[in-house]
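Here is how names work: the chains are called A, B, and so on, in the same order as the sequence lines, proteins then strands, and each is numbered from 1. Since we're looking at a predicted model, the values are computed, not measured.
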2 protein chains.
Amino acid sequence: MKNYRLLLVGFGNVGQGFAQLLIDRKDALAADFGCSFTIVGVTTRSRGSVYATDGLDPQALLDAVQSGILNGVDCDHTGWSVEDMLANAEADIMVETSYTNLETAEPASSYIRQALQNGMHVSTANKGPVALNYAELAGLANEKGLQLQAEGTVMSGTPAVALGLDQLKAAGVTQVKGILNGTTNYILTQMEDGMSYADALKVAQDLGYAEADPAGDVEGHDAAGKVVILANMLLNAGIKPADVATDGITNISSADVDAAKAAGERWKLIGAIEVVDGAIKASVSPQRLSTAHPLANVMGATNAITYTTEAMGDVTLIGAGAGRVETGYSILQDLLAIHRLAG
Amino acid sequence: MKNYRLLLVGFGNVGQGFAQLLIDRKDALAADFGCSFTIVGVTTRSRGSVYATDGLDPQALLDAVQSGILNGVDCDHTGWSVEDMLANAEADIMVETSYTNLETAEPASSYIRQALQNGMHVSTANKGPVALNYAELAGLANEKGLQLQAEGTVMSGTPAVALGLDQLKAAGVTQVKGILNGTTNYILTQMEDGMSYADALKVAQDLGYAEADPAGDVEGHDAAGKVVILANMLLNAGIKPADVATDGITNISSADVDAAKAAGERWKLIGAIEVVDGAIKASVSPQRLSTAHPLANVMGATNAITYTTEAMGDVTLIGAGAGRVETGYSILQDLLAIHRLAG
């Protein structure tokens, strides 16, 4: 049985969903994969920081974070900054789920660099560093003989990244089209059921799909970040969010939705990457798809992606694009990939 | 650059599609994966057998097999049986695509045993040995520190097996439902467009989707074989084809299809695995699905599979289920998995 010592940087929804999975699936992981995971350190921005050489109890961490502060759990050290933790913790893998900044990719990129320099593999669900610095960080990991895994950055735990990188890359990917933002797909689905844009947005906000300031979703920036990640991870495109021609759903009216419906079509916000004569074109835009298209039937907050390849034609993956346990599961996939490749 | 020496047992559509991919994608494989593949031996049932220590030219093999016999290509030995080839060839991996027998799994199972005993990894697209002897063969591979990969046995090169085994197993799979046979899905699609069962079957035969004796497809046996493979690989079910309650599409009438359509539903031939109180129930049967179900919108010869999991809910994969290059691509995926895991 191989055990991995984990350092969690960030302990919000994703980290908590992951900790819950470590509890729920502990026996299955041992039986099916021959591995176990021990959380030795957790750092957060505002809920404290704890480290225990012999490991922290995941249920105690979940209970403590619900009540506001981690520092009361049974541990050896409290209060270490991320930098102190990375310098002092004995850990095999850093699980990085700190807050996303798509403009600077900080402080997450610095954390990832330091972890790799200190000999830790990295799993991150953070779009910032992967969108902005993937080539550099993957190069550093490679140089150090370490893994950098980031399944959760696109479609949460639905394995869109692994499907592209591990299974389809060798088929010659020529185009990627995806419904990569659940909030906008939920709003468009509600509009097709007769709701106005404003009302549908309100419902999405009430359900927690959309933030109080919904611009990141409805203007297409969240989807654009994922397009950049896929283009850079899969096709070494070397692009940045500003290189993605980005249009959201704010100009789609109920009349537009009805007109599409009458024509046997549906509006979807599509993140797209096309390889044209060796050059890569990336975009996010509302598109009218025939209901025969596999992406057209993906409704509500569900996400989906179609890879078009030379050898396999179209391959489509449909699944959750968000959620506490679902994104937590992306971390578990990253760790199992590290176990397969480096264990 | 890591080079792998390959022994091809069988050189029909799948082997030829794979050889074509080795030619077409050689540069990309070197650049993206740092590996190359050399075919050193090929054995066939009726088209000869060739071996060359320094490798055979894949294009010459394709040309020769089209003209009927391999033995004229530039090589060191001709006429070796599979057993002789396995005993004498210097090879790293056996690519096994000989003919399928779902009742005895022979001679493929014997070939796989001999290859593993002789220290070769195995990639097979052959349903027989994986459906009937997976636990034994995977155990032998494991004992020898070798890989047994079989992506092509379900949905050809669409990575249904890797999705289940590598990405979703840890999520706790509770149910699998798939459109696992393209011929029957093509026939049902034609019937929905107004054709009779008999006419649709005739068209499927003319297109090469269905065999002259269509029983294996239309009575559900092909799908049942794939259900057994998924149940045994993913859930260690230890079942055999006879354990799958199997019903085909031969009793579906145009009136049935029209009645479903009127109710907003569609008939699909569904291979299903359910985990109920720890016991595994496997079946193949025609089912009426709501058009809101992701499998309901999969039309024509396309295949699809929905994994239901505890952590991720439903995850659906849609893609080709057959084809020369598509199934050839499953072999390439197997080889890249071997390269990742054992390279």
Side-chain angles (χ1 to χ4, degrees), chain A residues 17 20-21 24-25 28-29 31-33 35 151 155-163 165-172 234-236 291-294 296-300 302 304 306-307 309-320 323 325-326 328-330 332-333 335-337 340-341, chain B residues 17 20-21 24-25 28-29 31-33 35 151 155-163 165-172 234-236 291-294 296-300 302 304 306-307 309-320 323 325-326 328-330 332-333 335-337 340-341:
Chain A
Q20 188 63 54
L21 282 170
D24 295 346
R25 309 211 58 78
L29 290 169
D32 293 338
F33 299 91
C35 61
E151 183 58 68
M155 286 175 68
S156 74
T158 302
V161 173
L163 179 66
L165 275 175
D166 294 347
Q167 272 94 45
L168 294 178
K169 186 176 174 128
L234 192 61
L235 300 166
N236 307 314
T291 50
H293 193 290
N297 299 296
V298 175
M299 307 303 277
T302 304
T306 299
Y307 289 97
T309 67
E310 290 172 12
M312 287 302 304
D314 285 0
V315 178
T316 298
L317 183 70
I318 305 170
V325 170
E326 290 83 351
Y329 185 66
S330 74
L332 189 53
Q333 282 186 77
L335 301 189
L336 290 172
R340 275 198 300 275
L341 297 168
Chain B
Q20 188 63 54
L21 282 170
D24 295 346
R25 308 212 58 78
L29 290 168
D32 292 339
F33 299 90
C35 62
E151 183 58 70
M155 287 175 67
S156 74
T158 303
V161 173
L163 178 66
L165 275 176
D166 294 347
Q167 272 95 43
L168 294 178
K169 185 176 175 130
L234 191 62
L235 300 166
N236 308 314
T291 50
H293 193 289
N297 299 296
V298 176
M299 308 302 278
T302 304
T306 300
Y307 290 97
T309 67
E310 290 172 12
M312 288 300 304
D314 285 0
V315 178
T316 299
L317 183 70
I318 304 170
V325 169
E326 289 83 351
Y329 184 67
S330 74
L332 189 53
Q333 281 186 78
L335 301 189
L336 290 171
R340 274 198 300 275
L341 296 168

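Using a 4.5 Å cut-off between heavy atoms, Tyr307(A) does not touch chain B at all. In this structure, the portion of Leu336(A) lying under 4.5 Å from any heavy atom of chain B is its side chain and not its backbone. With a 4.5 angstrom heavy-atom cutoff, Arg340(A) touches chain B via backbone and side-chain atoms both. When heavy atoms are compared at a cutoff of 4.5 Å, Ala28(A) does not approach chain B at all. Interface remark: Glu310(A) contributes side-chain atoms only to the contact with chain B (heavy atom separation under 4.5 Å). Contacts of Leu21(B) with chain A are made by side-chain atoms alone, with heavy-atom separations under 4.5 Å and no backbone atom involved. Residue Asp24(A): no heavy atom, backbone or side chain, is found under 4.5 Å from chain B. In this structure, chain B has heavy atoms under 4.5 Å from both the backbone and the side chain of Glu326(A).
The side-chain contact (heavy atoms from CB on, under 4.5 Å) test with Thr158(A) singles out one residue from Val315(B), Leu168(B), Asp314(B), and that residue is Val315(B).
With respect to chain A, the highest number of heavy-atom pairs below 4.5 Å among Ala170(B), Gly157(B), Gly319(B) belongs to Ala170(B). The candidate from Thr291(B), Leu332(B), Asp166(B) with the greatest count of non-hydrogen atom pairs under 4.5 Å with chain A is Asp166(B).
The side-chain heavy atoms of Leu163(A) and Leu163(B), taken from C-beta on, include no pair separated by under 4.5 Å.
Contact record, Ala311(B) with Val325(A): O-CG1, 3.7 Å, taken as the closest heavy-atom pair. Contact record, Gln167(A) with Ala162(B): NE2-CB, 3.4 Å, taken as the closest heavy-atom pair. The two residues Ala171(B) and Tyr329(A) make their nearest non-hydrogen contact at N-OH, 3.0 Å.
Taken from CG in Leu341(B) to CG in Leu341(A), the straight-line distance is 6.5 Å, to the nearest 0.5 Å. The CG atom of Asn297(B) sits 11.5 Å away from atom OG1 of Thr316(A), with the distance rounded to the nearest 0.5 Å. Atom CD of Gln333(A) is separated from atom CE of Met312(B) by 7.0 Å, given to the nearest 0.5 angstrom.
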